[in-house]
Amino acid sequence: MERHQPPFIGQNEFEQLREALGPISESYLRKLLRDSGVHLSPMVEGVRQSNLGVLELSLLALLAEYEAGDAKHRQAVRKLVITAKEHARWTGKVEHVLWLTTWLENPPLFPVWARLRNTMGAAPLPGL
């Protein structure tokens, strides 16, 4: 990256980096790229979960990817979101799991749901 100084990293560049740095996990490479400050495509950036606002922006960006893609690309987007949901569940981020599950159940409905959820305030979830 230092040699080429790419202004943007898309899926093709991501795969080239994975190959050049292999073996390396996708999640670790994503973290390295996020920390680099280079502009990343939504598929490369993945689902960010530092807070609900960042999560919402990630899911909205991935929705655009999902809606513009063919069946194979949509499946890849869903895989990213499913992995993020598993991570949120593993780390105990119950509200994040709700947002990710809602996106997975009906991606096109997600922006309306998120707007309503933000407007009404996040009510405590049952059992918490």
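- Between Glu45 and Arg30, the closest side-chain pair of non-hydrogen atoms is not below 4.5 Å.
- Taking the side chain as every heavy atom from C-beta outward, Glu67 and Pro108 approach each other to under 4.5 Å.
- We find the OH-CH2 distance between Tyr66 and Trp103 to be 6.0 Å, quoted to the nearest 0.5 Å.
- Electrostatic pairing of Asp70 and Arg74 does not count as a salt bridge here, judged by no charged N lying under 4.0 Å from a carboxylate O.
- Listed for the Glu65 side chain is no donor-acceptor partner under 3.5 Å among the backbone atoms of Met43.
- With values rounded to the nearest 0.5 angstrom, Leu104 atom CG is found 6.5 Å from Leu100 atom CG.
- Here the side chain of Gln75 pairs no donor or acceptor atom with the backbone of Lys72 at under 3.5 angstrom.
- When the side-chain contact (heavy atoms from CB on, under 4.5 Å) test is applied to Leu29, the partners found at least two apart in sequence or on another chain are Phe14, Leu17, Arg18, Leu21, Ile24, Leu33.
- Within the 4.5 Å cutoff, the side chain of Arg34 has heavy atoms near those of the Arg48 side chain.
- Counting heavy atoms from C-beta on, the side chains of Glu56 and Leu60 come closer than 4.5 Å.
- Remark: Tyr28 OH is loosely packed, at most 12 non-hydrogen atoms of other residues, nucleotides or ligands lying under 6.0 Å away.
- Distance check, rounded to the nearest 0.5 Å: CG of Leu80 to OG of Ser27 gives 11.0 Å.
- Counted by atom type alone, Glu86 and Trp90 present zero donor-acceptor pairs between their side chains at under 3.5 Å.
- Here Ile9 contributes atom CD1 and His39 contributes atom NE2; the two are 10.5 Å apart, rounded to the nearest 0.5 Å.
- Cluster annotation: Val47 and Ile82 are assigned to the same hydrophobic cluster (Ile/Leu/Val/Met/Phe/Trp/Tyr, side-chain heavy-atom contacts under 4.5 Å, transitive).
- Looking at every heavy atom in both residues, Val44 comes nearest to Gln11 through CG2-N, 3.8 Å.
- Looking at residues two or more places apart in sequence or on another chain, you find no ring-ring contact (aromatic ring centres under 6.0 Å, His included) involving His73.
- The minimum heavy-atom distance between Ser58 and Gly46, with the atom names listed, is OG-O, 3.9 Å.
- Lys93 has its side chain out of reach of Leu55: every pair of non-hydrogen atoms, C-beta onward, lies at least 4.5 Å apart.
- To the nearest 0.5 Å, atoms CZ (Arg117) and CG (Leu98) are separated by 5.0 Å.
- In this structure, CG in Leu63 is found 10.5 Å from CG in Leu109, a value given to the nearest 0.5 Å.
- Clustering ILVMFWY residues whenever any of their side-chain heavy atoms sit less than 4.5 angstrom apart, transitively, puts Val77 in a cluster other than the one holding Val97.
- The side-chain heavy atoms of Leu52 and His96, taken from C-beta on, include a pair separated by under 4.5 Å.
- In plain terms, the two heavy atoms of Pro42 and Leu62 that are nearest each other are O-CD2, 3.7 Å.
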